[in-house]
Amino acid sequence: MDADAIRAGLHTTAIGSQVVVFESIASTNSVAAEYAISPDHHGLAVFAEYQTAGRGRGKNRWISAKGDSLLGSIVLTRCSLRPELLSLTVAVATAEAIGLAARIKWPNDVLLSGKKVAGVLVESKAFDSHTAYVVGIGINCHQKAADFPEVLLSKATSIDLEAGTVVERSMLARRLLTSLEGWLDMAGQDPGCAVDRWLQLSIQLGHRLTVVYGGGRFSGTCLGVDPQLGLILQLDCGGVRMFDAAQSYIAKES
Ligand code: BTN
C-alpha cells in the first residue's frame, strides 16, 4: 500500500486530503495524535502495514501480521460530534465500506457472519487551541483461519475468508475514507440519520445483553442507542438505563 494508491480517485475534500503510509510504527493512533497538534491536519489519514503496539478498546492490544490488515487512523480537528455519536457514526461508515452484509455490535465492532472483522478506537486529545479526535480503525483483510489464535477462531474473521476473494486494501482504504466523509457530514447535519442507520445494522437491537459498568453487571434488552448517552437498556430488574461506550462493555449475549 502507498499513499498515492490510496489517494488515486479519492473524491473526498476533507477526509483523506492528506495520506501518510508507514511500513511499521507503534500505533497509527499514536502517530495520528502527533499530527493532530495542527488544526490544518483535519482529515489526515495515517496507515501502517504493521503496528508494534496496536491498541484496542479498554486494555486490549490489537495484533495483526504485516500486510494482513487495513490499519489506519484519521485525524479530526474540526469535528463537532459528541463522542458517543462519533463512535456510532464511524461504525456505520466502516460497516458500509466493508459491505458484504457487515453488521455492528455496540458500540462499534463490525461483524461479518457474526464474527468480528473490524474494530474502532476513538481517542481525543486536548491542545491549547483545539481538541482533536483520532479515529483508529483496524480491518482484518487477508487473515486465514489458521492465523487467528484458537481462542479467537469462533469470534474473528477476515474479509477474504468471508468473501472468498482477495480484497485490495488501497481500494478498501479509499472506500473507508469516502464513507467516513459522507457519514461525518450526515451525522453533523442530522444525528438521527446516523443513529437510524446504526440501528438498522445492529445485531443487538431487541436482544438481551449483559453490560459491565463500574464493577457491576446489568442485564436487559437493548432498546436502541442515544447519540449522547449511549446504549439504552430495558433492565431485567426494571427501569431503563443508558451506558456510555467509554466506560462500559458487553459481557456476553444471553
Ligand atoms: C477494538 O475493537 O478494540 C478497537 C481496535 C482498533 C484497532 C485500530 S488498528 C489502527 C488503530 N491503531 C491502533 O493502535 N488501534 C487502532
Side-chain angles (χ1 to χ4, degrees), residues 1 3 6 15-16 19-36 44-76 83-84 86-95 97-98 102-112 114-125 132-143 147-149 151-152 155-159 167 169-170 172-173 176-177 179-180 198 201-204 212 230-231 244-251:
M1 272 203 331
I6 294 171
I15 306 303
V19 174
V20 195
V21 179
F22 293 89
E23 268 308 295
S24 174
I25 49 177
S27 154
T28 55
N29 266 38
S30 304
V31 171
E34 289 170 23
Y35 281 105
L44 182 144
V46 176
F47 290 98
E49 295 289 354
Y50 181 69
Q51 298 182 123
T52 55
R55 296 197 295 277
R57 290 185 66 227
K59 292 192 174 114
N60 295 334
R61 290 187 300 155
W62 188 264
I63 298 169
S64 175
K66 186 169 184 183
D68 263 359
S69 297
L70 184 66
L71 307 168
S73 301
I74 296 95
V75 175
L76 303 178
E84 290 294 325
L86 177 60
S87 162
L88 305 178
T89 303
V90 175
V92 166
T94 306
I98 291 171
R103 306 283 299 275
I104 298 172
K105 179 176 165 191
W106 185 81
N108 48 29
D109 284 352
V110 179
L111 313 186
L112 285 176
K115 298 178 179 182
K116 182 160 170 172
V117 70
V120 173
L121 177 66
V122 178
E123 297 178 312
S124 64
K125 193 157 179 183
Y133 287 115
V134 170
V135 171
I137 302 166
I139 305 179
N140 297 339
C141 292
H142 303 317
Q143 288 86 348
D147 295 331
F148 293 112
V151 61
L152 287 183
K155 297 180 187 158
T157 192
S158 68
I159 296 185
V167 66
R169 286 180 304 141
S170 299
L172 179 63
L176 180 65
L177 296 170
S179 177
L180 207 50
W198 189 96
L201 295 171
S202 166
I203 55 155
Q204 291 158 315
V212 179
L231 187 81
D244 72 284
Q247 299 181 71
S248 333
Y249 63 92
I250 304 289

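Start at 1 and go down the list; that is how both ligands and their atoms are numbered.
- More than 12 non-hydrogen atoms from other residues, nucleotides or ligands lie less than 6.0 angstrom from CZ of F22.
- Residues satisfying the salt bridge (charged side-chain N to carboxylate O under 4.0 Å, His left out) test with R103, not counting sequence neighbours, are none.
- Counting only heavy atoms from C-beta outward, the side chains of L152 and K116 never approach each other to under 4.5 Å.
- Panel note: side chain R169, backbone S69; a donor-acceptor pair is recorded below 3.5 Å.
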Give me the pairs of N or O atoms, one from ligand 1 and one from the protein, that sit under 3.5 Å apart.
| from | atom 1 | to | atom 2 | distance (Å) |
| --- | --- | --- | --- | --- |
| ligand 1 | 2 (O) | K116 | NZ | 2.6 |
| ligand 1 | 3 (O) | R57 | N | 2.7 |
| ligand 1 | 12 (N) | T28 | OG1 | 2.9 |
| ligand 1 | 12 (N) | Q51 | OE1 | 2.9 |
| ligand 1 | 14 (O) | S27 | OG | 2.8 |
| ligand 1 | 14 (O) | R55 | N | 2.7 |
| ligand 1 | 15 (N) | R55 | O | 2.7 |

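- No hydrogens or angles considered: nothing links the side chains of S64 and Q51 as a donor-acceptor pair under 3.5 Å.
- Contact annotation: the side chain of I137 approaches that of I74 to within less than 4.5 Å [non-hydrogen atoms, C-beta and beyond].
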